[in-house]
Amino acid sequence: MVVEPLKDLRVLQLDGGIEVAYCTKVLADAGADVVFIEPAGGHHLRRRSVTGADLSGRSSPLFEYLHCSKRGITDPGSDLRALYERADAVVTDHLEGTWESLHERFPHLSAVVVSPFGADGPWASRPATDLTLQAASGGMAPRGAPGQAPLMVGGDPSYWFAGSVAAVTLLGVLGRMRRTGAGELIDVSMLETTHLEHGMYPVTFNSMAGRPFQTSRGVPVPGIEPTADGWVGFFVITGQQWLDFCALIGKPEWQQDESLFIAVQRRLRADELVADIRDWTRRRTTDEIVETASLMRIPVAPIGSGETVSSIDHFVAEEWFVRHPDGFVQPRRPYRFGRESIGSVVPAQTVGDASLIAWEPRARPDHGGSESDLPLGGVRVADFTGFWAGPMASGILAGFGADVIHIEGPRRPDGIRMNTIRSMDEPQWWEWSPLFCGANTNKRGITLDLSDPQGHDAALRLLGTCDVMLENFSPRVVEQLGLGPDAVLAANPRIVMVRMPAFGLEGPWRDRVGFAQTIEQACGLAFLTGYEGEAPVIPNGMCDPIAGVHGAIAALVALAERDRTGSPQVVEAPMVGAGLAVSAEQVVEFSAFGRLQRSMGNSSPQVFQGVFRCSGDDEWVAVCLPDEEAGRAALKVTGGGPDGLEGWCASRPANEAAEALRAAGAIADRVHWAHEVLDNPQLHQRGFFEQLDHPLCGRHTYTSWPARMSAGPSTWNRVASPTMGQHNEQVLAELGFDVAEIDEMRRRGVISSGVLTDQHGW
């Protein structure tokens with residue numbers, strides 16, 4: 001049986017595109033009763049084909065994928081009021097009228113509004129596309145080759161990620177909505193979600209380091225390399241992985257050059273390295289390389305495409321794809337309760353008019369609590385995660401008010417601490433990682449040596465007090481540490497255990513090392529990214545926040561199931577599941593029509609768009625002409641067709657070109673570097689930047705959550721990230737350890753306030 005804890009949640013889907021439909025798909029996947037309302041001519045996604053396939057009057061496979069388990073009605077007219085009166089939430093890309101007027105008429109109804117720039121601010125009415133969002137957010141500037149145009153990530157990721165952020169935000173406040181009986185406004189800005197999706201806290205890095213995280217374009221070395229029969233993808237980030245890669249391709253002399261341990265230096269010296277790497281890879285098949293590199297614990301993957309992803313051995317073994325009744329295959333739900341059965345696909349159902357939606361009136365609480373309460377106050381989380389995806393998942397719960405306790409090993413701290421802006425021979429160098437600081441606000445932090453019996457006992461005691469455990473180790477590590485499901489459930493028979501390994505708990509790839517970039521290579525996102533006709537390019541990290549948001553979704557859905565049944569829950573939410581879910585369009589399109597979606601650089605099969613060089617050093621503008629009228633007006637300004645546009649842009653500064661093109665009806669924005677968003681007036685108006693005082697690093701800038709919630713929290717980052725072991729004494733005392741025991745644990749290195757090893761591993 002498939003677990004569906006949100007069966008009593010009633011949701012209306014109005015207007016919008018992928019961003020709205022994917023938000024409600026996430027809710028429907030958890031059992032919510034979603035009703036979508038279509039205009040008389042049908043939803044525009046019904047007619048979408050990214051490969052130009054002849055739909056022959058059918059609905060597109062993308063529409064069908066996004067609307068599984070939903071019911072549709074056409075033009076409800078006056079019946080819309082009756083639906084509003086009985087629904088719990090409406091999800092849309094705009095409100096007719098103001099939130100205040102809607103709230104006055106339907107005080108119980110929540111509204112989730114996903115728009116390009118948010119509901120207020122100087123850019124609130126400005127249109128945007130996936131291309132211009134990536135440009136304005138700082139996401140695309142570092143991607144691509146030096147001297148060439150910056151590259152967008154293919155597959156419209158801005159819309160998919162915005163939908164997942166909208167869904168997790170609604171789930172985060174759902175308990176408060178039910179306690180108070182009061183509807184809430186969730187105002188999601190896609191500019192802000194896209195900034196979060198593409199960069200690992202670049203604003204905080206710039207504030208702490210006094211310099212940008214990136215100012216040059218390039219691709220990782222090694223990256224996606226040609227093989228005897230296709231492509232293979234590497235992502236080598238730690239020093240040990242680089243040493244192992246050198247051994248793999250037989251280059252011992254590279255192991256002696258310490259500068260090559262640093263990924264940025266390898267990218268800058270690509271001309272010295274790439275020819276030898278490709279000489280080695282071209283003489284071997286993709287399968288040969290993947291098998292050997294995996295045995296050496298080097299992150300590696302075949303490059304999946306719409307044609308090949310669904311037949312990759314691991315995805316077949318773990319049933320990651322299911323068949324739609326229309327005949328094509330699509331990804332299953334990206335998380336799984338235990339080994340629950342894989343549910344059959346329930347196709348979208350058009351029921352006719354609104355009178356056939358049998359939502360009975362129901363009693364609602366009369367504001368039984370404070371609307372300003374933190375929605376997850378009282379929830380306690382043991383956070384055994386590291387790097388980015390896992391800490392982001394727990395960080396979302398912390399932002400909503402959960403008491404999140406981040407656990408690190410004295411000798412194996414959170415690996416992202418190693419990306420420090422201080423020399424490792426300086427005192428407390430591990431506290432100066434902007435990436436750690438950005439991912440771990442609002443948490444408490446302790447250290448525990450889980451290999452020590454006393455440390456293991458403390459971990460089990462902690463788990464006995466928690467509602468949720470989050471971990472993103474490889475599956476074998478958790479069992480070796482004695483923190484597998486049997487041990488955890490014995491310590492706490494009501495806990496929710498969320499497991500976030502790269503590829504899952506079972507299957508041929510279960511023990512492989514996987515980073516976001518590896519996931520991007522395997523699931524098809526890399527295949528859609530790159531200059532047209534050239535090698536694929538790694539999006540370079542976006543699957544971390546994608547997986548983090550989906551991990552938080554899995555945790556909140558599991559909490560709802562625990563509260564409904566009283567039973568503990570073990571949930572598998574692999575990174576790859578989230579990646580497959582948001583790159584589904586190329587798979588369903590190929591499966592339905594046999595047509596392969598390929599990278600088009602910065603072009604689009606739907607509209608004319610591109611990225612054009614402007615005057616100045618490495619200055620570019622992203623331009624989309626959404627319809628013929630806008631195209632005629634813009635081309636009249638520029639004096640001709642695409643060639644005229646290219647020359648016109650080259651003679652003007654990027655901001656000036658973007659402003660003139662927008663005035664003519666185009667959608668345009670300068671390509672920004674990520675740290676430059678600090679100058680964005682829209683983000684300032686919406687309070688996207690917050691200040692926090694770190695006990696060691698001082699006062700710095702952090703980015704807020706990309707959704708504003710009418711009932712709060714009004715401030716997302718309330719407490720700076722913990723220093724290593726900052727809350728050891730406090731948390732251990734809460735667990736019943738006395739002062740003498742805590743001192744003994746410190747003396748033996750079971751706990752510490754610093755890193756107890758010289759092997760930094762970054």
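Neither side chain, S433 nor R417, offers a donor N or O lying under 3.5 Å from an acceptor on the other. Between the side chains of R297 and Q240, not a single donor N or O lies within less than 3.5 Å of an accepting N or O. Judged purely by distance below 3.5 Å, without hydrogens or angles, the side chains of H700 and S207 pair a donor atom with an acceptor atom. No side-chain donor from either of H694 and R699 sits under 3.5 Å from a side-chain acceptor of the other. Between the side chains of S394 and K443, at least one donor-acceptor pair of N or O atoms lies under 3.5 Å. Side chains of R718 and T441: no donor on one and acceptor on the other come within 3.5 Å. Side-chain N/O atoms of S259 and R269 include a donor and acceptor closer than 3.5 Å. Neither side chain, T723 nor W430, offers a donor N or O lying under 3.5 Å from an acceptor on the other. Side-chain contact annotation: T701 with Q691, donor-acceptor N/O pair under 3.5 Å present. In this model, a donor atom of one side chain and an acceptor atom of the other lie less than 3.5 Å apart for S216 and R267. S753 and N728 share no side-chain donor-acceptor pair at under 3.5 Å.
Side-chain contact check for L692 versus V719: every heavy-atom pair is 4.5 Å or farther apart. When side chains are defined from C-beta on, V404 does not count as touching R444, because their heavy atoms never get closer than 4.5 Å. Side chains of P681 and H684 form no contact here, defined as non-hydrogen atoms less than 4.5 Å apart. Side chains of L556 and L397 form a contact here, defined as non-hydrogen atoms less than 4.5 Å apart. In this structure the side chain of I446 never reaches within 4.5 angstrom of the side chain of L732, judged on heavy atoms. The shortest side-chain heavy-atom distance between R217 and P142 does not fall under the 4.5 Å cut-off. Put simply, the side chain of V513 does not reach to within 4.5 Å of the side chain of V300, judged on heavy atoms. Residues P545 and V549 fail the side-chain proximity criterion, which asks for heavy atoms closer than 4.5 Å.
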Full working for side chain to side chain donor-acceptor pair (under 3.5 Å) between D618 and W620: CA-CA 7 Å; D618 199 32; W620 303 83; 2.7 Å; yes

Hey, mind stepping through I277 and V221 against side-chain contact (heavy atoms from CB on, under 4.5 Å) and telling me if it holds? CA-CA 9 Å; I277 292 171; V221 178; 3.9 Å; yes

Evaluation steps, side chain to side chain donor-acceptor pair (under 3.5 Å), between H675 and R211: CA-CA 9 Å; H675 62 281; R211 58 180 171 82; over 6 Å; no

Just do the side chain to side chain donor-acceptor pair (under 3.5 Å) check on W705 and T169 with the steps written out, would you? CA-CA 9 Å; W705 183 239; T169 307; 3.0 Å; yes

Assess the residue pair F384 and F473 against the criterion (ring-ring contact (aromatic ring centres under 6.0 Å, His included)); give the C-alpha distance rounded to whole Å, side-chain angles, the decisive distance to 0.1 Å, and a yes or no. CA-CA 8 Å; F384 290 87; F473 298 108; 7.1 Å; no

Candidate pair R746 and E741, rule salt bridge (charged side-chain N to carboxylate O under 4.0 Å, His left out), full reasoning: CA-CA 9 Å; R746 185 182 299 107; E741 289 174 308; over 6 Å; no

side-chain contact (heavy atoms from CB on, under 4.5 Å) between T703 and F689, intermediate numbers included: CA-CA 5 Å; T703 50; F689 306 115; 4.2 Å; yes

Quick one: do H406 and D383 satisfy side chain to side chain donor-acceptor pair (under 3.5 Å)? Show the steps, please. CA-CA 5 Å; H406 185 58; D383 176 14; 2.9 Å; yes

Can L463 and L483 be said to form a side-chain contact (heavy atoms from CB on, under 4.5 Å), step by step? CA-CA 10 Å; L463 289 166; L483 293 178; 4.0 Å; yes

Step by step, would you call R748 with D743 a salt bridge (charged side-chain N to carboxylate O under 4.0 Å, His left out)? CA-CA 9 Å; R748 294 196 304 107; D743 286 344; over 6 Å; no

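Between the CG atom of L191 and the CZ atom of F688 there is a distance of 7.5 Å, given to the nearest 0.5 Å. Taken to the nearest 0.5 Å, the CD atom of Q241 stands 11.5 Å off from the CZ atom of F245. Rounding to the nearest 0.5 Å gives a distance of 5.5 Å between CZ of F234 and CD1 of I289.
For the pair E744 and R747, the salt-bridge criterion is met [side-chain N within less than 4.0 Å of a carboxylate O]. Under the 4.0 Å criterion applied to side-chain N and carboxylate O atoms, R380 and E734 are assigned as salt-bridge partners.
Residue D271 qualifies as open at atom CG: its count of foreign heavy atoms under 6.0 Å is 12 or below.
The side-chain tip of R266 does not point at the ring of F261 from less than 6.0 angstrom away and within 45° of straight on. Judged by the 6.0 Å and 45° rule, R422 forms no cation-pi pair with W429.
Screening Y201, F205, W673 against F213 for a ring-ring contact (aromatic ring centres under 6.0 Å, His included) leaves a single residue, F205.
Aromatic ring pairs are classed by plane angle as parallel below 30°, tilted from 30° to 60° and perpendicular above 60°; the pair W716 and F400 is perpendicular.
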